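Everything on this sheet refers to the single structure shown next.
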Amino acid sequence: MRTPLTAVLRRIVPGALVLLAASVVTTRAAAQELRDAYHQAPRDTVDQATYDGWKQFNLNCARCHGEDALGTSFAPHLILSLKPDGPINTKELFLQTVCAGRPTKGMPSWCALGMDMEKIQDIYQYVKGRSDAKLAPGRPAVKKEG
């Protein structure tokens with residue numbers, strides 16, 4: 001003879017397992033939606049120098065020139081500045097401008113602050129890639145060598 005507790009458990013446990021499985025699937029879907037909204041996969045794969053340029057840009061330049069080099073209310077849109085008809089349309093002019101700065105416009109001399117030319121060249125490579133529409137906004141991924 002079955003006890004009443006055993007009979008009740010046989011009816012409740014399978015139902016509880018179904019509810020638990022459904023909540024896990026729903027939670028995973030919600031977590032995936034949240035992850036996708038804030039942690040999207042990189043759209044572009046770049047060499048190490050361009051990736052380093054992206055990092056240096058975000059560390060040193062983005063606070064004024066905006067995320068993804070799109071400009072702000074007080075610093076220019078670098079994607080437009082590096083276009084062939086833009087005010088900084090050559091690599092040499094870009095390197096000179098970043099190194100010497102534009103003190104009258106509030107831009108510091110990055111060479112005087114200790115940034116070496118290799119980092120400035122990496123920043124140019126990143127910003128030029130954005131200007132030439134070869135790089136999408138956001139964090140790029142680094143190409144694996146080999």
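Please read all numbers here as calculations on a predicted model, not as lab measurements.
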CG-CD1 distance between Leu82 and Ile88, expressed to the nearest 0.5 angstrom: 7.0 Å
Close side-chain approach of Cys61 to Ile123, heavy-atom, < 4.5 Å: yes
Cluster link Leu135 to Ile79, ILVMFWY, side chain under 4.5 Å: no
Ring pair (Phe, Tyr, Trp, His ring centres under 6.0 Å) pairs, two or more places apart, involving residues 63-109: Phe94-Tyr124
Donor-acceptor pair, side chain of Asp132 and main chain of Lys134, under 3.5 angstrom: no
Phe57/Trp54 aromatic ring centres below 6.0 Å: no
Polar side-chain atom of Asn60 near backbone of Gln56 as donor-acceptor pair, under 3.5 Å: yes
Residues in disulfide bond (SG atoms under 2.5 Å apart) contact with Cys111, at least two apart in sequence or another chain: Cys99
Any side-chain heavy-atom pair of Gln121 and Lys91 under 4.5 Å: yes
Sub-4.5 Å side-chain heavy-atom contact between Leu70 and Arg130: yes
Pairwise distance CG(Leu78) to CG(Asp68) - rounded to 0.5 angstrom: 11.5 Å
pair Pro108-Arg102: side-chain heavy atoms closer than 4.5 Å: no
Pairwise distance CE(Met107) to OG1(Thr97) - rounded to 0.5 angstrom: 7.0 Å
Closest non-hydrogen atom pair, Ala75 against Cys64: CB-O, 3.0 Å
Path from Leu80 to Leu93 over hydrophobic side-chain contacts below 4.5 Å: no
Asn89 side chain to Lys83 backbone, donor-acceptor under 3.5 Å: no
Joint cluster assignment, Met117 & Met115, ILVMFWY side-chain distance < 4.5 Å: yes
Donor-acceptor side-chain pairing of Gln48 and Asp122 below 3.5 angstrom: no
N/O donor-acceptor pair under 3.5 Å between Thr50 side chain and Val46 backbone: no
Tyr51 side chain reached by Arg139 side chain, heavy atoms, under 4.5 Å: yes
Residue pair Asp47, Gln125: steps toward the side-chain hydrogen bond (donor to acceptor under 3.5 Å, both in side chains) verdict: CA-CA 10 Å; Asp47 61 12; Gln125 196 164 327; 3.2 Å; yes
